[in-house]
Amino acid sequence: GIGRSLVTHSPELLHSGMTNLPMFALLAVAMAGAAQSQMQISYKKLSGEPAEFNQHRIVPDNAGVSTTHTELKVQMDTTKATEAGEVHWSHDLVIDSTNGFTFSLFTQLQTTVTLFDPSGARVDLEIAESNSTVPLADSGVDGHGREWDFDRPMPAGHYKLQITASHTHILDVRARRQNAVPLTFDGLILLWSDDPEISLLTHPLTMTTMVDETMGLVARLYDATKYPFEEYLRTGTKPPALFFSSDYNLTAWMVVTSPSGQVFEVPMVDTGRDGDAVAGDGDFTGAFVPKEHERYEIQVNVNGTSSNGTDFTRSEEHEAQVDAKTFDVASAMVGIVDNSTDRLTIVLLVKNVDTEQALDLVLKPYIEVWGKDASGAEVPVAYAQNLAKLEKFFTLSFLTLEMDLKWFARAKVVGPELMARNVYIQNAQDQVVLVAANGEVPIHVLNDFRDAASPDHAYTASHSRGSRQFEVAVARVASNYHGEITEAMRVGLRPPRMHNTSTPRVNGKVVLVHGFCANRNPFEVQASDWSDAVFYSAVREGDPISQNTNEFALDVLKFTAKENLGSFSMVGQSQGGLVVLHLLNYYWTGMDDITEGRRIQSVASPYLGNSAAAGLGMLSQLLYPQCIPPIELSREGATSWMAGISQYYIDQTNIYRTIYAKSGWFGGGWCDRVVNTMLAKPNDGAVELIYSAPPTGGNVTDPKTGYCHKEDMKWPPSFWDSARNHEMNAMAGRR
């Protein structure tokens, strides 16, 4: 029977002591973790129509990155010092363009750099050298290095680069580093050529990155001059592969650095084996099984010979957050009808909970609910998702979701046979998919949750009564439903407001939020552009300046509580744009009281991540470890994060973007020369235009030309644009 199936696969239900606990008392336990005394935290209960299912599925191909540059880690081997006390590092720079090339070196070491051309002649570096700067944060933090630019025809081939430093100096610099994990490199080289034909496309093998489960990357070479990367993002169709290993001596491999600093290589193959999907299709796959949790660095390297006989090399950096296995989805879910609110509570049971730390995680369960219509045909109803804490009562562990019964009326569901598909549970802190259920998971509607632990006969009776109750409730709702999608259907019921009786709430403010690792709020530079404004500053509030988006959002929410704000709208810059959308999407806040004007606006925000996040993360480890980018700023992390955003709130975004202006004899342009090599073009020196808006809409303005992301770039920062600031100020909701 159904009850036997549930109990057999979820033995934690048996003898749990729950049989005497009233249902709503149990649900009160489930929601207890969602309320904190200092901040009134209430999670929204998100749902959406079946047309939105695809955009909530986390697909590895959607997290692709394209590059034409090469990154090299400099590791000085101090065991091989010369008698003079010097340590040498050498490496080939493979140049496949005759139009010139540039390389930069970032290191804390004092070094001597020497370069020899393909004929063995020494290259004059002095005439090509200049200082190089890379932004490591949205304001206040930059990395400084040296750059050599050969902007003239140069022979293609293998150049020999040599870097020399003092043995004692190397040891002294390493001793002064403050990294939590010892670095495996002493410097980073970025190499790029002018007008390269060959581009490297990489994407994750899987988005479920767990300890002891296979993960990896897929790489393909293509001609970006014929097949723009934007088309791949728009259509999801990969560009044709350029080279195949049997024809062009193509060699691909990954260099993996574990969280503890262990480095190992993984070959990438196009054989249809070892994780590779199809032999000979031009996709090279590298797969491995992680044994540690936390963040892995993975560098993809591809060497080969082009059709004209010229050697080439390409590389791309990725970061992957790996979590420990914490639980599995049980074989069935339980549904309970609440006739007082016309809602269905769905209890997602989990089993094999492996650690008490799981109870501290902020999770995002997601399910797609299906039912049957009058003909018995299966019909999609809606998705359900929300943030939640895992709750534990005796030996039972579960998460709760909710759906308005109007969704079932809209889908013309008449029977109680419900099922969940595409079930997954995501860690909302680092975007890792912790568990995904294969196939369907039945949703058993019971009369009383306590009967979930009952013997077969009682369970069957409860299921019969619950099914009838569901049918009657849906029929009643359908009789007065006319097909509209209401706010309650989309985001759940508004929570009761708990007012501070001693101090009246301050209404009608605009909260301005800065970006990643910022030492101040950039909007305060021109504070007079804003009226009724409140400026959040992590430094001023004593909050960490580098956080994942959910933690960042909670700090901003704490700030609004401290300021005793009632209704307010928000404007976010860079990561701050993600933060304000995250707050609007998942949490009930004063933004939900705004009925006139815009609830949220953003400037220069990387909604779909940043191609250079992993490379900049390596530079931060080397030069400023306090500002290592959170995973949501990478392409992988942003893709996973965006999958949780409701179309209802995407439609409420108001997105402003900027890009550099073209200049010079050849009409090129950039905001930061070095970062520009790692980013898709055009960009603002941090945010690429193709990743600057959600893929499914929003109110997106055309990019404004001649502005950059922050100060000290080639063009002024976007937040200095007084005309645009005044426009956003005028459009901001205040009532």
Side-chain angles (χ1 to χ4, degrees), residues 67-76 86-136 142-166 185-198 310-315 612 615-616 618-619 622-623 660 662-679 681 683 685 708 712-715:
T67 184
T68 58
H69 72 278
T70 301
E71 299 177 27
L72 300 171
K73 289 182 177 179
V74 177
Q75 177 63 48
M76 309 298 288
E86 294 181 333
V87 179
H88 302 288
W89 177 89
S90 63
H91 201 283
D92 278 3
L93 300 185
V94 183
I95 307 301
D96 58 292
S97 170
T98 59
N99 296 325
F101 66 92
T102 306
F103 70 95
S104 293
L105 170 64
F106 294 88
T107 181
Q108 293 175 314
L109 301 176
Q110 297 176 6
T111 60
T112 300
V113 180
T114 310
L115 184 68
F116 300 92
D117 69 16
S119 70
R122 186 163 179 164
V123 178
D124 185 357
L125 292 179
E126 185 175 349
I127 61 172
E129 183 174 354
S130 62
N131 293 326
S132 182
T133 302
V134 170
L136 300 179
D142 295 312
H144 300 281
R146 301 160 69 189
E147 178 181 299
W148 293 267
D149 179 25
F150 300 94
D151 58 351
R152 61 186 185 276
M154 297 285 286
H158 290 248
Y159 289 70
K160 181 71 69 175
L161 177 67
Q162 180 174 289
I163 296 175
T164 302
S166 161
F185 59 100
D186 298 294
L188 187 67
I189 290 172
L190 302 177
L191 167 67
W192 64 98
S193 303
D194 292 336
D195 303 320
E197 172 189 329
I198 303 168
T310 303
D311 289 346
F312 68 89
T313 182
R314 296 288 184 270
S315 69
L616 293 175
M618 286 201 310
L619 281 171
L622 186 70
L623 305 175
Y660 53 69
K662 293 184 177 181
S663 60
W665 289 357
F666 302 103
W670 43 268
C671 282
D672 182 275
R673 181 176 170 82
V674 176
V675 175
N676 195 54
T677 67
M678 297 188 281
L679 299 178
K681 286 100 178 148
N683 57 71
C708 292
D712 302 322
M713 290 186 168
K714 190 173 183 179
W715 306 93

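Keep in mind it's a predicted model, so treat the numbers as computed, not measured.
- A 4.5 Å side-chain heavy-atom check between N683 and W670 finds every atom pair outside the cut-off.
- Between R673 and T102 there is a side-chain heavy-atom pair separated by less than 4.5 Å.
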| message | F103 vs T70, test: side chain to side chain contact (heavy atoms under 4.5 Å, CB included). Steps then yes/no. | response | CA-CA 9 Å; F103 70 95; T70 301; over 6 Å; no
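- In this structure, Y660 and K681 have side chains that are in contact, with non-hydrogen atoms separated by less than 4.5 Å.
- Inter-residue side-chain proximity for K73 and L188 is flagged as met; some heavy-atom pair is nearer than 4.5 Å.
- The backbone N or O of W192 lies less than 3.5 Å from no partner atom in the side chain of T677, so there is not a single donor-acceptor pair.
- By the neighbour-count criterion of 12 heavy atoms within 6.0 Å, atom CD of Q162 is densely surrounded, having more than that number from other residues, nucleotides or ligands.
- Applying the salt bridge (charged side-chain N to carboxylate O under 4.0 Å, His left out) rule to pairs touching residues 96-125 yields D96-R314, sequence neighbours excluded.
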message = Run the side chain to side chain contact (heavy atoms under 4.5 Å, CB included) test on I189 and L161 for me, step by step, so that the C-alpha distance in whole Å, both residues' side-chain angles and the decisive distance to 0.1 Å come before the verdict.
response = CA-CA 11 Å; I189 290 172; L161 177 67; 3.3 Å; yes
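- Taking OG1 from T68 and CD1 from I198, the interatomic distance works out to 10.5 Å, rounded to the nearest 0.5 Å.
- Looking at heavy atoms from C-beta onward, D712 lies out of side-chain contact with T133 at the 4.5 angstrom threshold.
- To the nearest 0.5 Å, atom CD of residue Q75 and atom NE2 of residue H91 are 12.5 Å apart.
- Heavy-atom minimum distance, S193 versus S97: CB-CB, 3.7 Å.
- In this structure, the side chains of P135 and V675 come closer than 4.5 Å at one or more pairs of heavy atoms.
- Put simply, OG on S132 and CG on D672 are 7.0 Å apart, with the number rounded to the nearest 0.5 Å.
- For the atom pair N99 CG and D151 CG, the distance stands at 11.5 Å (nearest 0.5 Å).
- Taking each heavy atom of T107 and D186 in turn, the nearest pair found is OG1-O, 2.7 Å.
- Note: L623 CG to F106 CZ = 7.5 Å, rounded to the nearest 0.5 Å.
- Contact record, D92 with H158: OD2-ND1, 3.2 Å, taken as the closest heavy-atom pair.
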Would L191 and L72 satisfy side chain to side chain contact (heavy atoms under 4.5 Å, CB included), going step by step from the backbone distance to the final call? CA-CA 8 Å; L191 167 67; L72 300 171; 5.5 Å; no
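- Smallest separation of non-hydrogen atoms from C708 and K714: SG-N, 4.3 Å.
- Contact of the L115 side chain with the W148 side chain is not registered, since no non-hydrogen atoms from C-beta on lie closer than 4.5 Å.
- Closest heavy-atom contact between L679 and A612: CD2-CB, 3.7 Å.
- Considering all non-hydrogen atoms of both residues, V674 and S104 come closest at CG2-OG, 3.6 Å.
- Taken from CE in M76 to OG1 in T111, the straight-line distance is 8.0 Å, to the nearest 0.5 Å.
- Between F150 and F101, the two ring planes are tilted [angle within 30° to 60°].
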Any chance you could lay out the side chain to side chain contact (heavy atoms under 4.5 Å, CB included) test for M678 and T67, step after step, and finish with the verdict? CA-CA 7 Å; M678 297 188 281; T67 184; over 6 Å; no
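- Contact annotation: the side chain of L619 approaches that of L136 to within less than 4.5 Å [non-hydrogen atoms, C-beta and beyond].
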